[in-house]
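Here the structure is a predicted model, which means the values were calculated and not measured. Values below: every heavy atom of this structure, side chains too, minus hydrogens, waters and symmetry copies.
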Amino acid sequence: MPTSSANDAPAEVAAPKPPAASGGVQSLERAFDLLERMADAGGEVGLSELSASSGLPLPTIHRLMRTLVACGYVRQQANRRYSLGPRLIRLGESASRLLGTWARPYLARLVEETGETANMALLDGDEIVYVAQVPSKHSMRMFTEVGRRVLPHSTGVGKALLAHTPPEEVRALLARTGMPAATEKTITTPEGFLAALDEVRRAGYAVDDNEQEIGVRCLAVSVPNSPTAAAISISGPAGRVTEVATERIVPVLQQVAVELSSALTNAGAGS
C-alpha cells in the first residue's frame, strides 16, 4: 500500500463538499469529510472509491484511514474495504440526545401554537427513531415516546424524511423492512408509498391519516439543511387535527422547521 507523499493534492481539488473553515486543521477536516463520504456510501467503501469521490490522492487517504482505524472510528474488513467503526456509535447516541435537547424549545413553541403534541424524529438505518417530544396540554394527547422505533411507511415523519430520496433507494428500503399494516389505512405497496411521497413534494408536508394508529392524524415536515436528516411533526386526535386545522398548522410547522434548521447549522459556529 502506498505511503504519504509530499505531492499530496491541495484541499481545493476535493469533490464538492462544504469549504474548509477558516483556520481549521486540514487533516481533521479531511478525516471527517471521509467519514461523511463513507456514511453517504452506506458505511463501507474502498480506498479508490474515496479517492474518486473526494479528489484526494490515495496516499493521503490511506494515511488518514490508518489513523481512523487505529482510533476505532473505522474498521478494515477482510476484503480490504473499510467500514464505519463501533466507536462512532457512542458519539452518535450522545449527539442524538443533544439534538433532542436543542430541539425541545422549538417543539414547545409548536405545542403552544398548535395545541398538539410535537415530535422530532430521525431516520436511523431503515427505521424512524423519535429523539424528542413535548406533549400537548390536552387531557387527550398522543404518546409517541422518545426512543420509539417505527417503520417509515406508516408515519408522517417517515414520508417527510424520504420524500427526496431516489425512488430506487426507497424501493430497496421497503424491500428490506417489508410494509406491514399497522392499521387498515396503512400504505402497504411500494407504488402507493411512492405516490404518497410525490404528494409530500407537491404539498410541502406529509400526513399520517390513521395509518399508524386509528383515530390519530400526524402532520410532518423535514428540517431543511439539517446536519442529519430530521423531521418534526405534530400529532393528535383526528377530530382535532382536521383538514381545516391542517391549513393553520402546516405554516407553523414549516416556519419552526426553518428556525430549528438555522439553530442546528449555526450551533457549531465559533468566533
Side-chain angles (χ1 to χ4, degrees), residues 18 96 98-124 128-138 141-142 144 146 148 150 152-167 170 185 187 193-213 216-269:
S96 291
L98 284 173
L99 190 61
T101 300
W102 293 331
R104 280 187 61 83
Y106 297 89
L107 299 183
R109 179 180 154 198
L110 273 178
V111 174
E112 193 66 32
E113 297 197 26
T114 69
E116 304 300 343
T117 296
N119 307 287
M120 182 178 189
L122 309 178
L123 184 65
D124 183 20
I128 298 298
V129 59
Y130 291 91
V131 296
Q133 181 190 87
V134 175
S136 165
K137 295 178 175 64
H138 288 291
R141 59 195 188 195
M142 302 301 107
T144 299
V146 172
R148 183 185 179 196
V150 294
H153 72 282
S154 60
T155 64
V157 285
K159 293 174 188 174
L161 284 165
L162 292 175
H164 296 283
T165 301
V170 174
K185 297 197 69 175
I187 299 170
F193 189 68
L194 288 170
L197 297 187
D198 286 340
E199 178 60 19
V200 174
R201 291 191 293 273
R202 184 198 67 76
Y205 67 96
V207 181
D208 158 13
D209 188 2
N210 295 270
E211 296 162 51
Q212 180 66 28
E213 185 178 346
V216 177
R217 291 188 88 232
C218 170
L219 307 174
V221 299
S222 62
V223 179
N225 304 311
S226 174
T228 186
I232 58 174
S233 69
I234 65 91
S235 56
R240 286 203 307 256
V241 186
T242 61
E243 292 297 335
V244 172
T246 296
E247 295 179 7
R248 171 180 59 85
I249 291 171
V250 166
V252 178
L253 264 174
Q254 293 170 331
Q255 180 60 34
V256 171
V258 168
E259 294 175 9
L260 177 55
S261 171
S262 178
L264 293 176
T265 53
N266 292 330

For this session: State whether Glu199 and Arg202 are salt-bridged, where the test is any N-O pair (Lys NZ or Arg NE/NH1/NH2 against Asp/Glu carboxylate O) under 4.0 Å.
Result: yes
Exercise. Taking Ser261 for the side chain and Pro224 for the main chain, is one N or O donor matched with an acceptor at less than 3.5 Å?
Worked result: yes
Exercise. Should we say atom CZ of Arg248 is surrounded by more than 12 heavy atoms from elsewhere, each under 6.0 Å from it?
Worked result: yes
For this session: Using modelled atom types only, decide if a donor and an acceptor are shared between the side chain of Ser226 and the backbone of Thr228 within a distance under 3.5 Å.
Result: yes
Problem set entry | Pair Thr117-Val134, side-chain contact (heavy atoms from CB on, under 4.5 Å): steps then yes or no | CA-CA 6 Å; Thr117 296; Val134 175; over 6 Å; no
Problem set entry | Stepwise side-chain contact (heavy atoms from CB on, under 4.5 Å) test for Leu260 and Met120 | CA-CA 11 Å; Leu260 177 55; Met120 182 178 189; 4.2 Å; yes
Exercise. Do Ile249 and Tyr205 touch side chain to side chain, with heavy atoms closer than 4.5 Å?
Worked result: no
For this session: In sequence, state the C-alpha distance, the side-chain angles, and the governing distance for Arg148 and Gln133, and then conclude on side-chain contact (heavy atoms from CB on, under 4.5 Å).
Result: CA-CA 11 Å; Arg148 183 185 179 196; Gln133 181 190 87; over 6 Å; no
Problem set entry | Gap between atom CD1 of Ile187 and atom CG of Leu197 - 0.5 Å precision | 8.0 Å
Problem set entry | Nearest atoms (heavy-atom pairs only) where Val241 meets Arg217 | O-NH1, 2.6 Å
For this session: Over all heavy atoms of both residues, which pair between Glu116 and Ser235 is shortest? Give the atoms and the distance, please.
Result: CB-O, 3.6 Å
For this session: Of all the heavy-atom pairs spanning Asp208 and Gly156, show the shortest one and how long it is.
Result: CB-N, 3.4 Å
Problem set entry | Contact summary for Ala220 and Ser233, nearest pair of heavy atoms | CB-CB, 3.7 Å
For this session: Mind checking the CG-OG spacing from Asn210 to Ser154? Nearest 0.5 Å is all I need.
Result: 12.5 Å
Problem set entry | Exam field: side chain Arg201 to backbone His164, donor-acceptor pair closer than 3.5 Å | no
Problem set entry | Gln212 and Thr155 side chains, donor-acceptor separation under 3.5 Å | no
Exercise. Do you know the tightest heavy-atom contact between Ala230 and Leu122?
Worked result: CB-CD2, 3.5 Å
For this session: Could you walk me through whether Leu107 and Asn119 pass side-chain contact (heavy atoms from CB on, under 4.5 Å), step by step?
Result: CA-CA 7 Å; Leu107 299 183; Asn119 307 287; 5.7 Å; no
Problem set entry | Separation of Leu219 CG from Ile232 CD1 (nearest 0.5 Å) | 11.0 Å
For this session: Compare every heavy atom of Ala263 with every heavy atom of Tyr106, then report the nearest pair and how far apart it is.
Result: OH-CB, 3.2 Å
